[in-house]
S.K.: 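If you scroll down you'll find the structure; I have some questions about it.
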Amino acid sequence: RRCHTNKQGLSERAHFRKVPVLILKPTILEDEKERFDPTQFQESIVQGLNQTGSDLEAVAKFLDASGAKLDYRRYAETLFDILVAGGMLAPGGSISDDLTRTEFCLFTAQEDLETMQAYAQVFNKLIRRYKYLEKGFEEEIKKLLLFLKGFTESERNKLAMLTGILLANGNISAAVIGSLFNENVVKEGVSAAFAVKLFKSWIYERDINAVAVALRKVSMDNRLMELFPANKRSCEHFSKYFTDAGLKELSDFARNQEAIGSRKELQKELQEMMARGDNFKDIIAYVREEMKKTSISEQLMIGIVWSSVMSCVEWNKKEELVCEQSIKHLKQYSPLLKAFTSQGASEIILLVKIQEYCYDNIHFMKAFQKIVVLLYKADVLSEEAILKWYAEAHVAKGKSVFLEQMKKFVEWLKNAEEGKKKRRLISCLFENDLNIHVAVNCNVLI
């Protein structure tokens, strides 16, 4: 810029002085308050739902579009509260602000499975579009289950059906069921009644096997008894309650889980007895008593005994040494195995267990034949059981390897068995006072 000189001979630039200027900006807190107003968020969602009404397709489109303008991440809980109950929920389950609420929500919808499936699709589309809502949605379901006493029976039924469908669809994990074990919702029977509706819709959408897998995944499979107060936590009460409610498959699942739990406790005690060095007579007596109490068959029991025997020792890591170690160990415990192989089916089960163990533990692959021969000599396994296992009762694990190992021994058994049959035939002939000529001819045939 040019510098002009005035009458005093001073440049115009001399009249300008640098003066510090303080520019006031709103604080971060004020800026966030203006931008992220929870009241404004709530009003926007409520207004949108009032406009879309009961058209769930329109609701899904509104929620999809609003995510670009509203902060779903910050106000996920508020969003889900409104979609389920029509407004923000206070602790306990009541609506905290009756002025800002909508009548178009899950709790005011029709109480039928088809409507709940449609609502599940709304949540499914929303979470698929905004993946960051997954965790918040699961936390919301957990919270709602804790508030069950604050809802009406109809509201609980709708929430139960929705939860079952969401579990079937994989939108939430079975871990949410843990909220039903809270004492406040258990003691008045709310949890059990809710569980009936939940499991009915879940099994309807999938099947009991899928339900079982999901429960086991989050270790809920052994906690279902906690749906009842402590004085009613028995398999008999559980079975009757859910069978009467039309959920026999769930009752059967619970019985099976209890049986599995009993077997695990039995195996644990068995291992402790072996570790203490208790004599076999006491161990066998204890096991037989438990078999009577829990109705465990010999076929199941021999599997438990085998697992206990093989887990009560620390095995050598070297393949050439573990074979010798296993033979020595099993020779010691063969009387215990013999006590629970009085039936042919039990012998077959034991052979399959040995096969699976040797396959799953690679250092035992070459020990299979030696173990079987040892147990044959110890009268734990009969030739009939071994021949049947070889011909048809084996499983796929390591089949080709183990059948090859057993080939020569099986041939020897077949020859020995054939010899026995011929000796029995000769004995039979003599016992019936047949003449010597027939006996001689029979010997020629031999």
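Quick note: residue numbers are just sequence positions, from 1.
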S.K.: Would you give the length of the straight line joining atom CD1 of Ile284 to atom CG of Asp278, rounded to the nearest 0.5 angstrom?
M.R.: 12.0 Å
S.K.: Going by heavy atoms in the side chains, are Leu387 and Leu413 under 4.5 Å from each other?
M.R.: yes
S.K.: How about Phe228 and His237: are their ring centroids closer than 6.0 Å?
M.R.: yes
S.K.: Evaluate the side-chain proximity of Val305 to Leu337: yes if any heavy-atom separation is below 4.5 Å, no if none is.
M.R.: yes
S.K.: Are more than 12 heavy atoms from other residues, nucleotides or ligands located less than 6.0 Å from atom CD of Glu272?
M.R.: yes
S.K.: Under 30°, 30 to 60°, or over 60°: which ring-plane class applies to Phe364 and Tyr357, parallel, tilted or perpendicular?
M.R.: perpendicular
S.K.: For atom CD of Glu320, decide whether the heavy atoms of other residues, nucleotides or ligands shown that lie under 6.0 angstrom number more than 12.
M.R.: yes
S.K.: Grab the two heavy atoms, one from Ile362 and one from Glu319, that are nearest each other, plus how far apart they are.
M.R.: O-OE2, 4.5 Å
S.K.: Assign the ring pair Trp412 / Phe409 to parallel, tilted or perpendicular, where the plane angle (0 to 90°) is split at 30° and 60°.
M.R.: parallel
S.K.: Between Asp64 and Lys125, is there a salt bridge with N-O shorter than 4.0 Å?
M.R.: no
S.K.: Just wondering, do Phe137 and Leu166 contact through their side chains at under 4.5 Å, heavy atoms?
M.R.: yes
S.K.: Take atom NZ of Lys142 as the centre, draw a 6.0 Å sphere, and report whether it contains more than 12 heavy atoms from other residues, nucleotides or ligands.
M.R.: yes
S.K.: Counting C-beta onward and ignoring hydrogens, is there a side-chain heavy-atom pair between Lys317 and Val322 closer than 4.5 Å?
M.R.: no
S.K.: Charged N to carboxylate O below 4.0 Å: is that the case for Glu155 and Lys158?
M.R.: no
S.K.: Answer yes or no: are there more than 12 heavy-atom neighbours, outside Glu153 itself, under 6.0 Å from its atom CD?
M.R.: no
S.K.: Under a 3.5 Å distance rule, please check whether Asp112 uses its side chain to pair with a backbone N or O of Glu114 as donor and acceptor.
M.R.: yes
S.K.: Quiz question: by atom type and distance under 3.5 Å, do the side chains of Glu111 and Ser154 form a donor-acceptor pair?
M.R.: yes
S.K.: Taking side chain as C-beta onward, heavy atoms only, is Ile45 less than 4.5 Å from Tyr72?
M.R.: yes
S.K.: Would you verify whether the NZ or CZ of Arg73 falls within 45 degrees of the ring axis of Tyr132 while also being under 6.0 Å from that six-membered ring's centre?
M.R.: yes
S.K.: Tell me if the NZ atom of Lys232 is crowded by more than 12 foreign heavy atoms within 6.0 Å.
M.R.: no
S.K.: Keeping the roles fixed (side chain from Gln343, backbone from Glu298), state whether a donor-acceptor pair exists under 3.5 Å.
M.R.: no
S.K.: Using a cut-off of 6.0 Å, state whether more than 12 heavy atoms not belonging to Arg216 lie near its atom CZ.
M.R.: yes
S.K.: Going by atom types alone, do Ser307 and Gln267 pair a side-chain donor with an acceptor below 3.5 Å?
M.R.: no
S.K.: Any side-chain donor paired with an acceptor under 3.5 Å for Thr243 and Ser251?
M.R.: yes
S.K.: I want to check something: taking the side chain as every heavy atom from C-beta on, are Met310 and Trp315 in contact at a cut-off of under 4.5 Å?
M.R.: yes
S.K.: With a 4.5 Å cut-off on side-chain heavy atoms, are Glu356 and Tyr359 touching?
M.R.: no
S.K.: Among pairs that include at least one residue of residues 187-204, which meet side chain to side chain donor-acceptor pair (under 3.5 Å), considering only residues two or more places apart or in two chains?
M.R.: Lys149-Glu188
S.K.: Can you tell whether the side chains of Lys293 and Glu290 come within less than 4.0 Å, N to carboxylate O?
M.R.: yes
S.K.: Do Arg288's NZ or CZ and the ring of Phe340 fall within the cation-pi criteria of under 6.0 Å and 45°?
M.R.: yes
S.K.: Aromatic ring centroids of Trp389 and Phe368 under 6.0 Å?
M.R.: yes
S.K.: Salt-bridge test for Lys143 and Glu140: reply yes if a basic N is under 4.0 Å from a carboxylate O, no otherwise.
M.R.: yes
S.K.: Looking at side-chain heavy atoms only, is the closest gap between Tyr75 and Leu70 below 4.5 Å?
M.R.: no
S.K.: Check the surroundings of atom CD in Glu57: do more than 12 heavy atoms from other residues, nucleotides or ligands lie under 6.0 Å from it?
M.R.: no
S.K.: Above 12 or not: heavy atoms from other molecules or residues under 6.0 Å from CZ of Arg206?
M.R.: no
